[in-house]
Chemist: 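Take a look at the following structure, please.
Everything numeric in this text was worked out from a predicted model, so none of it was measured. Remember, it's 1-based here, ligands and their atoms both numbered in the order they're listed. Hydrogens, waters and symmetry mates are skipped; everything else that's a heavy atom, side chains included, is used.
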Amino acid sequence: MGDRFQVIVDLDADDGDSEPLARRVREWLVAEGVVLGERTPCVPGQALGHPPGPHWERAVTDDWDFPPSDGLAVHTRRTGFTSGADMPGAALCPWCAASVALDDAASWPTFSTAMQTWHDTGAAAVVCPACAAEVPVQDWTWDEAPLALGHLGFEFWNWPDLTDAFRARVAAFLDGHRTAYLWGKL
Ligand SMILES: [Zn+2]
């Protein structure tokens, strides 16, 4: 059945505040008993993560049918968060709402190069073909398979569905930053 993840991404954190914000959220999650403070090898693809705590059910919907089997990975470096192997079918301009199809030979390389540059340097823009705005690559939105570029992400592995209320409580610690919620399977 594979591993399922849910990730809450802070879209506005940067090198300067991702660590302190991560610490603030982590301390709250540990105080609530949602996860344990001591990290163990409990998340796929990462050396260490926070195992579920005694009150993990505070984070999830009531109708869960399995307890969390893995833990929480906290990412504090530039990361391209995806929903899995599928890439989005189109990028949507945040200024004019134009939809740029990503399935042709020209547009996908433009975006993927910009994402790589963002990952390496922290800044890259793609000019919107409709309104000519120079839009930072992390500000585009995506259809179908969501994608989020951010410096800070809280990734829960093999947990029941997180509630809207829990996600809002996490977001409330992030200084009013925009957040994205992605889920997928590996
Ligand atoms: Zn545009």
Chemist: Below 4.5 Å, heavy atoms only, C-beta onward: do Leu48 and Pro41 meet side chain to side chain?
Modeler: yes
Chemist: Working to the nearest 0.5 Å, report the span between CZ of Phe156 and CH2 of Trp56.
Modeler: 13.0 Å
Chemist: So which heavy atom on Pro160 is nearest to which on Gln6, and how close?
Modeler: O-NE2, 2.9 Å
Chemist: Check ring-ring contact (aromatic ring centres under 6.0 Å, His included) between Phe111 and all other residues, then give those that pass, not counting sequence neighbours.
Modeler: Trp140, Trp142
Chemist: State which residues pass side-chain contact (heavy atoms from CB on, under 4.5 Å) with Ala114; sequence neighbours excluded, sorted by chain then number.
Modeler: Ala124, Val126, Val137
Chemist: What count do you get for protein N/O/S atoms less than 2.8 Å from the Zn ion (ligand 1)?
Modeler: 4
Chemist: Can you give each donor-acceptor pair under 3.5 Å made by side-chain atoms of residues 20-27, sequence neighbours left out, with the distance rounded to 0.1 Å?
Modeler:
| from | atom 1 | to | atom 2 | distance (Å) |
| --- | --- | --- | --- | --- |
| Arg24 | NH1 | Phe173 | O | 2.6 |
| Arg24 | NH1 | Asp175 | OD1 | 3.0 |
| Arg26 | NE | His50 | NE2 | 3.3 |

